[in-house]
Each structure stands twice: as structure tokens, then as C-alpha cells.
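All remarks here apply to the structure that follows.
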Amino acid sequence: MANSRHPFFGTKLGFYLAAIGSAFGLGNLWRFPYVVAENGGGAFVLIYLFLTFVIGMPFLISELILGKLSRSSVASALLKLAGERYQANDIRNREKIPAWVHFVLRHLGKVSLAITILVLAYYSVICGWVLHFFVRLLVSTVSPEAFQPEATLRVLLDNGWLQVLLTSVHLLVVGVIVAKDLEEGLEKWLGYCMPIFGLLLLILAIESISLDSTLDALRFLFYPDFTKLNASSLAQAIGHVLFTLSVGFGTMVTFGSYLRDKVYLPIAGFRVAILDFVISLWAGVMIFPLVMFSGTQMHGPDLLFQAVPRLVKQLSGGHWFGVGFFLCLYLAALGASIGLLEPVVANLRELRRIPRMAGTIWAVGLCFVASIIPALSSNVLKNVRWGGKGVLEILDAGIVNWILPVVALLVAQAVAWLVKRELTEAEFITPESPTSLKLYRHWLFVLKYVATPIVVIALLLQVLQLF
Ligand code: PHE
């Protein structure tokens, strides 16, 4: 069956498009501003920078390595490490592992798969919001005065079924792309979307930097006031770094498994991490002047959806700014959604031995069902609140700040402790990079002895914050 053959990226560029396309997304443009706003600005950005390199990048490299060596997605790769699945070139460094490690390896992949489905579910709800604003703005091109920012947001938030509908449109679009072969679907579409996204981001940022509020926004973003941090800020920063780099979801393991041998993974990981960091900052420099100029309150997941539509009214040429903004947002969100759906499909294909099409239908169906609850968060379920947060925010914070750091840490530890040393070492050492033994040792040291205490301390501090 042609469908059950293991897929590969057609080119190196295809891999970069997939990895970068999945890293850039609502995480940079929607989540980053609201998390930074809730944690007081500059100090949080500094911690985020530090963690990108100490946790995000090393974890990202280990997931790529796991995928490439095992030629499987996260659930099967971990089963191979547990000795539950056969692989001709065994990647394990020992045959006997303690019973608890075996237990963790058997279930960790499934937990990662479950959080990917849940994240795609609420991510798609937000993508639906983006679609709503984009279409509303586009339709009002004939008479821009008719566009009412507050009313457009209210209609959306009050109407759960409209959100369910928009979510399903988005999931359908992503499903159609992912159902195709890798080269025809993901690689081709990201090849179209990413350059347009980059160009739009550049134009929009230039436009927003010319607002009067830019200096205040820059101060907020870059002046570190550590008194504004709280006990859960560290865990929030770790969660956000992992979320925005698509680490802990199995995405990078799957992309690693599609790689042919030529890509040098440490550099690939470095490039993706640094680009993603720069895009986040760039997005911050673009979005905070808008938020401040429009006088929007700096909190909550609808921060962006309040600020930008208001500006459409306040700026000259605001209408086209709005159309461009939501198009840019949608393109980024589409690439990231592909990066979320692809590993779900790949894991289902491998675990259930089904073709890509069937895997996609199952994955989209599951995500759709799971998306109904967050879609009803701002209306039918609006009275379900905990600590001032609604259902969608609880889901986002619960997964990203609590479960994701644990899952990502465990996957990285599995690579560091259980994969044959000569295999991981060979990913760092090539004839062109003779100094990389040092790099390899640093990577392993950071994974084993630096990342673990940081994540554990962050989670403990976060527990304290609950009381
Ligand atoms: N990294 C994406 C973003 O920043 C979200 C994402 C997470 C995409 C996991 C794929 C996998 O929006």
C-alpha cells in the first residue's frame, strides 16, 4: 500500500518550512503579548530569552534526534525505547530498564498525543475568531464605516455555535492539506503561506512602530522590572517557550522522522529557536504599540481581538491594516495548525496502522469534538470560572503551564539517558564541525543536569502560587 510507506520531506527547505511554519503562530502573535502583559513585561521577556536557549533549544534538538533515529513519531519512538516495538537498528543503550521507566515510556507518548489534540482543539477556536474578523473586515470593504469593532467581538463571543462553525471550517482546511502527501500538502502550502506571512509582518510592524505609543511599548517590553513577576512566572515562561517552539507535542519528533540524513540537527534547532524568538519580539514590538494606542486593558486572551479592530477605526487606512493583520495572523495560525495535526495523524497511522487519509479523518474528528467545550467557553459556559479564568484560559494554562513542561522534560530525558551514545553523538559530529564534541557534551549536560532542576523548581513555585 503506497499510503503506508514512511514519508520523507522532499527537500531541506521542506523541513525548515515545516519546523518554522509550526513554530510561528498564534503563540507568537496572540499568546506572547497576553502572557507578557500578565507577567509585567521586560523581566518576563528576559527569562523567556534565557529559557529559549537553556530549555527550548536543547529539547527541540533532542526531539528531532529521537524522530530521526527511530524513524517514528513520539508514541512509537518511546515504545521502541521501552523495547515494546521492534527496530532493526536498535537505538537503545540498554536492554533492561527499571519497571517505572518502562511504565513512563509506554504511556508518555499517548499523553503527548492527547495534549496535542486538546491544544489543536482550542487553537482552532482562536483560529475561528481570526477567520471571523478577517471575513467581517473583508466584507465591510464596500462600506468601511459599517464595521463595528465591539459589536463584532460581542457577536462572536456570545454565539457559541458560530464559534463551533468557524472552528470546523478551520479544521477542514487544515485537514484537506494534511490529508495529502507530505510534498503535495504540507510542504507546498507552507511554501506559499510563509513568504506572504513574513512580508505582511514586516509591513504591519513598520506601520505600527510609527504610532505615538511606540516608546511606551518598547519600555514595557524591554525594561526589566523584576518586582512584577510572581511565583508562577517561571513555569509560565517555560510553558510558553515549549509551546511556541512546538516542543513536547510530538511535532518535532514527527518532523525529525521525515528527515533524510543530510540535515545537521544542532544547527537546525538553533536556527528555529533563534528565528522564533526574533519573531516573538518583532510581534511584541508590533502589537504593544497597538494595544496601548487603542487604550485596551492589558489582559485576557481576547487582548488582540479588542485592540486591533479598535484601531481599524482610529487609524487612517486602518481598514486595510486590519485586513492585512488578520490575514497575516491566519497564515501563521494555519502553519502552526498543520504542525499540530500532522503529528496526531502520524501517531495514529503508526499506532493503528491505518492510511494517511483515515488517520486525518480520525484526527480532525477527535479535535472537532474536543473543540466544542472551548468554543462554548465565552457563552454557554461563561459562568464556569476558576481564579478569574474562563474554560478556554484554564485549558490553555493547565496544559501549557503544568502538563507540557513535564511531558517535554520526560521526552528529553528519555533521549539523554536511554538512546545509544554513539548515535546521538554522531548527530553532532561531522567532518565540517570538528569542535562539536564540546557542543555535544554541553547539550547532554544541560539536558540532564540543568533543565531538570529548572523545570522542577518552576513547578514547585507554581504550586506555592496556588495557596
Ligand atoms: N508553536 C505554535 C505557535 O506558536 C503552536 C504549536 C504548538 C504548533 C505545537 C505546533 C505544535 O503558535
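Numbering starts at 1 and runs along the sequence shown. Just so you know, ligand 1 is whichever comes first in the structure, and atom 1 is the first atom listed for that ligand.
Within a 6.0 Å sphere centred on CH2 of W362, heavy atoms belonging to other residues, nucleotides or ligands number 12 at most.
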Sequence neighbours excluded and cut-off under 3.5 Å, please list the side-chain donor-acceptor pairs for residues 389-399, or say none.
residue : atom : partner : partner atom : Å
E393    : OE1  : G390    : N            : 3.2
D396    : OD1  : R31     : NE           : 3.1
D396    : OD1  : Y122    : OH           : 2.4
D396    : OD2  : R31     : NE           : 3.1
D396    : OD2  : R31     : NH2          : 3.2
D396    : OD2  : Y34     : OH           : 3.1

Show me the donor-acceptor pairs within less than 3.5 Å that the side chains of residues 322-331 make with the rest of the protein, sequence neighbours left out.
residue : atom : partner : partner atom : Å
Y330    : OH   : H170    : ND1          : 2.7

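Protein residues with a heavy atom closer than 4.0 Å to ligand 1 are S22, A23, G25, L26, G27, N28, Y123, F243, T244, S246, F249, T251, A336, G339, L340, listed by chain and number.
A ring-centre distance under 6.0 Å is found for Y48 and F277. F134 and H132 have their aromatic ring centers separated by at least 6.0 angstrom.
Sequence neighbours left out, not one pair with a member in residues 282-293 passes side-chain hydrogen bond (donor to acceptor under 3.5 Å, both in side chains).
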